[in-house]
Amino acid sequence: MDGEDEQPTAPRAPGNRAVVLGVLAATVAVLLVQAVSGTSARLVLLLVFLPALLAGLGTVAQTVAASVWVTAVVVAHSVLFPPGDLPARLGTLLGVVAAEAAVIGLCARRVRRERQLSRMRQVAVALQRQLLRPLPVTTPDVRLDGLYRPLEQDAMVGGDLYDVAETPHGTRVLVGDVQGKGLLAIGTGFAVLSAFREAAFREPRLTAVADALEAAVERHNAYAEQSGEQERFVTATVLCVRAPDSNDGGTDDEGRATEVRAVNCGHLSPYLLRPDGRVEPVPLDAGLPLGLASLAATGEPRPERRFTLPGDGVLVLLTDGITEAQDASGAFYPVERGLADLAAVPADALPEALDRRARRWSGGSSRDDVTVLALRPTPEPPAPPEPPAR
């Protein structure tokens, strides 16, 4: 989710070819204007601004090269068209050298700071990947394929989270998104994941698992307030999937059906991709995000919704890195239509295919982390062969 601490994307350094052509073009233009102006104004000194522009965008080497070039052009111009006296000539030269030295120093400082921020972001991404469980995961109830893609290295890491736990109560699945970005958002996500990994095994009721997550976010926010940090909320969906008993005869026209229970805490509703290619948003009761339950007028527990996952169906869980992908006109990516177009794609390849389409829609840019989970029932193991008759 977009939060207050979202940082703008840092500009990329221009290529050496573009820098050389730009500097030469600017030099020629200034010298031509100087030649045709017919005045004594030293317009050549305008070239001093070229390294200053590069200091904010380019590399240190590019800035040094442009500074040396500009200094050489100014010196050559002073020799060919000297000012009235030697002191003025020396003053001009010293002023240019001092300005270029300051510009190079500022560029070096900027590059050093960007490298430090890049290392911090890499640490944040590595930490987040360590907190999230590797995919795919297969349990007796479900097969979970998925994709987690953090923001580009020049942007703040987001707060997507997910987990899956094989418990005596069934397979519990969590997908969520922390408000904001950065290490503080990861800290809130860690509190949620820790609470889920404990409550998923301890609590027989799914609503009690959601209550445990709510309590974890409230405790984390209380600690954050004491530390002077920003309080955060988390959108999440908690699911419990249990495969039907092989002896109950619970099948339909689309294969062995699996019961899914879900508690929604302000998160995006999942999509059900049926074997015939139909895509249906699963209507879950909208609940408040984790950390905001105290705003509810009643103290009733969060509602639980039950639905059936066909044996050959796929349940797709998302975060808003997909749904908020925008094209040049500002239109959001049509997830339902995109999933319908990908109906023939195998479930294990569906998350990456959906991510590619969303990135193509947005021109390759991303505003948030991307998490796509494809959940399908674990295929029923084949019956053991009968022993040969004697």
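From a predicted model like this one, the values you see are computed outputs, not experimental measurements.
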Would you mind reporting whether Tyr162 and Leu317 have side-chain heavy atoms less than 4.5 Å apart? no
Will you find, in the side chains of Asp177 and Thr319, an N or O donor that is under 3.5 Å from an N or O acceptor? no
Please check if atom CD in Glu218 has more than 12 non-hydrogen atoms from other residues, nucleotides or ligands closer than 6.0 Å. yes
One thing to verify: whether Asp145 and Arg376 come together as a salt bridge, which I'm taking to mean a side-chain N less than 4.0 angstrom from a carboxylate O. yes
Without swapping roles, check the side chain of Arg302 against the backbone of Val263 for a donor-acceptor pair under 3.5 Å. no
Does Thr323 form a side-chain contact (heavy atoms from CB on, under 4.5 Å) with Phe332? I'd like the steps, not just the answer. CA-CA 7 Å; Thr323 60; Phe332 292 109; over 6 Å; no
Apply side-chain contact (heavy atoms from CB on, under 4.5 Å) to residues Leu213 and Leu174 and explain how you reach the verdict. CA-CA 10 Å; Leu213 303 185; Leu174 167 69; 4.0 Å; yes
Backbone of Arg261 reached by a side-chain donor or acceptor of Arg242 within 3.5 Å: no
What distance separates Arg357 CZ from Leu339 CG, expressed to the nearest 0.5 Å? 10.0 Å
To the closest 0.5 Å, what do you measure between CG (Leu193) and CD (Glu198)? 13.0 Å
For the atom pair CG (Asn16) and CD (Gln62), what is the distance rounded to the nearest 0.5 Å? 5.0 Å
Shortest non-hydrogen contact between Ser362 and Ala325, atoms and distance: CB-CB, 4.1 Å
Exceeds 12 heavy-atom contacts within 6.0 angstrom, atom CZ of Phe190: no
Does the side chain of Val103 reach to within under 4.5 Å of the side chain of Cys107, using non-hydrogen atoms? no
Backbone N/O of Glu259 and side chain of Arg306: donor-acceptor pair under 3.5 Å: no
Contact summary for Ala199 and Val209, nearest pair of heavy atoms: O-CG2, 3.7 Å
One thing to verify: whether Asp276 and Arg278 come together as a salt bridge, which I'm taking to mean a side-chain N less than 4.0 angstrom from a carboxylate O. yes
Please enumerate all residues that pass side chain to side chain donor-acceptor pair (under 3.5 Å) together with Arg205, with sequence neighbours excluded. Thr207
Closest heavy-atom pair, Val23 versus Ala66, reported as atoms and distance to 0.1 Å, is CG2-CB, 4.4 Å
Donor-acceptor pair, side chain of Asp327 and main chain of Trp361, under 3.5 angstrom: no
What distance separates Arg149 CZ from Asp355 CG, expressed to the nearest 0.5 Å? 4.0 Å
Non-hydrogen atoms of Leu284 and Arg305 that approach each other most closely: CD2-CG, 3.5 Å
Determine whether Val48 and Leu24 fall in the same hydrophobic cluster, where Ile, Leu, Val, Met, Phe, Trp and Tyr are linked whenever their side-chain heavy atoms lie under 4.5 Å apart. yes
Salt bridge (Lys or Arg N to Asp or Glu O under 4.0 Å) filter on Glu100, not counting sequence neighbours, yields none
Does the side chain of Leu350 reach to within under 4.5 Å of the side chain of Leu273, using non-hydrogen atoms? yes
If Ile, Leu, Val, Met, Phe, Trp and Tyr residues are connected whenever their side-chain heavy atoms lie under 4.5 Å apart, and connections chain through other members, are Leu206 and Phe201 in the same group? no
Within-4.5 Å side-chain heavy-atom neighbours: Val238 and Phe196: yes
Look up atom CG in Leu50 and atom OG1 in Thr27, then write down how far apart they are to the nearest 0.5 Å. 6.0 Å
Can you get from Val142 to Leu272 by hopping between Ile, Leu, Val, Met, Phe, Trp and Tyr side chains that sit under 4.5 Å apart? yes
If I take atom OG1 from residue Thr63 and atom CG from residue Leu106, how far apart are they, to the nearest 0.5 angstrom? 10.0 Å
Work out which heavy atom in Pro310 is nearest to a heavy atom in Arg274; give both atom names and the distance. CG-NH1, 3.3 Å
Please assess Tyr333 against Leu354 for the test side-chain contact (heavy atoms from CB on, under 4.5 Å), listing each intermediate value before the final yes or no. CA-CA 10 Å; Tyr333 178 66; Leu354 184 63; 3.7 Å; yes
Is there a donor-acceptor contact under 3.5 Å from the side chain of Thr378 to the main chain of Thr139? yes
I want to check something: taking the side chain as every heavy atom from C-beta on, are Leu315 and Leu239 in contact at a cut-off of under 4.5 Å? yes
Nearest heavy-atom contact between Gly146 and Leu135 is CA-CD1, 3.5 Å
Can you check whether His220 reaches Arg232 side chain to side chain, under 4.5 Å on heavy atoms? no
Look only at the side chain of His267 and the backbone of Pro289, and say whether a donor-acceptor pair between them is shorter than 3.5 Å. no
Do Leu318 and Leu290 belong to the same hydrophobic cluster, where Ile, Leu, Val, Met, Phe, Trp and Tyr are linked whenever their side-chain heavy atoms lie under 4.5 Å apart, directly or via other members? no
Do Val345 and Val370 share a hydrophobic cluster, counting only Ile, Leu, Val, Met, Phe, Trp and Tyr and linking them when any side-chain heavy atoms are less than 4.5 Å apart? yes
Exactly one candidate in Val175, Val241, Thr258, Val314 meets side chain to side chain contact (heavy atoms under 4.5 Å, CB included) with Leu375; the answer is Val241
Would you mind reporting whether Pro377 and Leu309 have side-chain heavy atoms less than 4.5 Å apart? yes
List the steps, then state whether side-chain contact (heavy atoms from CB on, under 4.5 Å) holds for Leu288 with Phe233. CA-CA 9 Å; Leu288 288 173; Phe233 62 84; over 6 Å; no
Answer yes or no: does atom CZ of Arg202 have more than 12 heavy-atom neighbours from other residues, nucleotides or ligands under 6.0 Å? yes
